[in-house]
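First up is the structure itself, then whatever we jot down about it.
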Amino acid sequence: MRIPLRSIADTLCRFKSGELERGRGNFIRRLELCRSVATINGNVFLGYGGEPLTKSIQVQIVDALRLGERSRASSLLLDFGNGNQSLKANDFVYILNYCARSPDPLFVMETWRLMEEKEIDLNNTCYLLMVRALCRGGYLEEACKFMKFLRENHGTYPFLPVYNCFLGACAKMKSIIHANQCLDLMELQRVGKNEITYSVLLKLAVWQQDLSAVREIWEDYIKHYSLNIISLRRFIWSFTRLKDLKSAYETLQHMVALAISGKHFVSRTDEGRLYSSRLDIPIPSKSELGSLNVQSGENEQSLAFKFDIDSSNIERSKSISATVGMLNNYKNLPVMEVLRLSINDVLHACAQARAYGLAEQLMMLIQNLGLQPSSHTYDGFVRAIIQRRGFGAGMEMLKVMEERNLKPHDSTLAALSVQCSKALELDLAEALLEQVCECPYPYPFNAFLEACDNMPKRALRILAKMRQLKLQPDIRTYELLFSMFGNVNAPYEEGNRLSHVDSRKRINAIEMDMAKNGVQHSHLSMKNLLKALGAEGMTIELLQYLHVAENLFCHTNTKLGAPMYNVVLHSLVEANEFP
């Protein structure tokens, strides 16, 4: 294929007045096109901007994949391999990189087969990209077999980034079997670990809820590396997820002391992701887990908090006040963001452990460090303190958030609503639930239903809110519904035919909803149902449901127990009927 010289001359002639810039651009593009045209096996391949011919062919293959033209991409790949040019592993990097990002593990295998046929040896880059494509595509077993094949047939062993990629996929897919196989191979090959490896191992340990493994990872880490802000952030995250508040708090002290020392090494990518800018060179740490004093070079900084996990009693040392001026210079640096995120993690752990005293001290720490609390910060703080100080303290925090133009999380509103329901402040509890936009569990609504007994209108409004949120009820919801809506007249008057009809409709509606949501009766839900039937004087239905209950719980090898039979007997005596 040739570009006529006349078209180039025509372009030159248009270099005048207003067409100058546009004509110049067209001219340059045409010259580039002239330089980068080639034909292989009858196919025309166009280069780009003077790039090597092999790169231009790779670009066309990737373009075909992007357009979903897989057969065309396969044909181009085959022609690429059968061409006259000498190919090396680097000539496939662009294709493999696209397949790793997409991911497209099938085309990776197609490319690898071609490279095998042409006896093109893999380099480290191609090896990593192939494994990454397989892992991101969910083909862990195939990736494992691929690495095994290369090891046994080519003597090619994975290097650390390949292992990290595979371990990361294991953590994401929660495959501990493949992770153990990878770790065994690393140990056999005597491959060390870097920061990424430790990060992935922590994720695996947290997923397994293995606190001892996290502590072992810590001990191994400080043997090979000195502490840095990002690694401490990962350990704090792990300890808080495994409810080890003491270790999380002590690790946080290490982080604050390290921040005060000025040894940050924290940067931010263009996408906003925080990372450690320190060179990944193993240097053993001198500190130990549990040490509250961290050596920080010439100027030792001690953040010696006296911490009693059982009583949640913290006595801050006077040295904390000195940190304010030292960290003012770092207000706009990424290290402050890492500090805030880690303190948030510990605050949420305080909420789970009901360590309200520590939560209060952490909020004071945030102020002393000059950090700006976020909605997530207040979420952990409010949920920690309201369990001891009541909903009033939480409402005060909502006012503070409003003054700072911070919108409370749904979890904050839900937790406050629960405390209001327990205090029978139902108007406030209902108003808080109305503000909730998303809730993953029905507990706050169940707490409200439990508090609004004999207030069916309130209960119906909150049930409508649950439906609006598409929140599926749990067995506790149905236990409360049978108690509230199973009977119509009782305890105000005796049942009659009309109330019996209504009661049947309500019970059937509740049971149908249970079946739709796949919820089975519990002992309490069945007991409440029997109570409702007895209160209405529906003795026939009462005995029928008793037999249903006996059959239902017989299959689960559980007995009804005396309380269930007592409910039935009491109802029969009240109705003057004896079996």
Steps toward salt bridge (charged side-chain N to carboxylate O under 4.0 Å, His left out) verdict (Glu250, Lys246): CA-CA 6 Å; Glu250 291 174 346; Lys246 188 175 187 298; 2.7 Å; yes
Among Leu347, Val206, Val346, the one residue meeting side-chain contact (heavy atoms from CB on, under 4.5 Å) with Thr240: Val346
Note, Ile366 side chain near Arg340 side chain (heavy atom, < 4.5 Å): no
Pairing of Glu117 and Arg113 as salt bridge, 4.0 angstrom limit: no
Qualifying ring-ring contact (aromatic ring centres under 6.0 Å, His included) pairs, either residue in residues 86-126, two or more places apart: Phe80-Phe92, Trp112-Phe146, Trp112-Phe149
Crowding at CD1, Ile177 (>12 non-hydrogen neighbours, <6.0 Å): no
Side-chain touch Thr156/Leu122, heavy atoms, less than 4.5 angstrom: no
side-chain hydrogen bond (donor to acceptor under 3.5 Å, both in side chains) evaluation trace for Tyr198 with Asp220: CA-CA 9 Å; Tyr198 286 111; Asp220 188 62; 2.7 Å; yes
Sub-4.5 Å side-chain heavy-atom contact between Ser417 and Phe445: no
Asp513: salt bridge (Lys or Arg N to Asp or Glu O under 4.0 Å) partners, not counting sequence neighbours: Lys516
Donor-acceptor pair between Ser342 and Asp345 side chains, under 3.5 angstrom: no
Contacts of Arg404 that satisfy salt bridge (Lys or Arg N to Asp or Glu O under 4.0 Å) - sequence neighbours left out: none
Side chains of Asn82 and Lys118, donor plus acceptor under 3.5 Å: yes
Heavy atoms from other residues, nucleotides or ligands near CD of Gln520 exceed 12 (cutoff 6.0 Å): no
Pro442 versus Gln472, closest heavy-atom pair with distance: CG-O, 4.0 Å
Any side-chain heavy-atom pair of Ile95 and Leu77 under 4.5 Å: yes
CD (Glu438) with more than 12 external heavy atoms under 6.0 Å: no
Electrostatic pair Arg66:Asp63 at N-O distance under 4.0 angstrom: yes
Close side-chain approach of Cys126 and Val93, heavy atoms under 4.5 Å: yes
Heavy-atom side-chain contact between Met147 and Tyr127 under 4.5 Å: yes
Side-chain heavy-atom pair Ile120, Asp91 within 4.5 angstrom cut-off: no
Ser231 side chain to Tyr225 side chain, donor-acceptor N/O pair below 3.5 angstrom: no
Validation row: Lys172, Lys203 side chains within 4.5 angstrom (heavy atoms): no
Donor-acceptor side-chain pairing of Ser74 and Ser71 below 3.5 angstrom: no
Greater than 12 external heavy atoms within 6.0 Å of Glu152's CD: yes
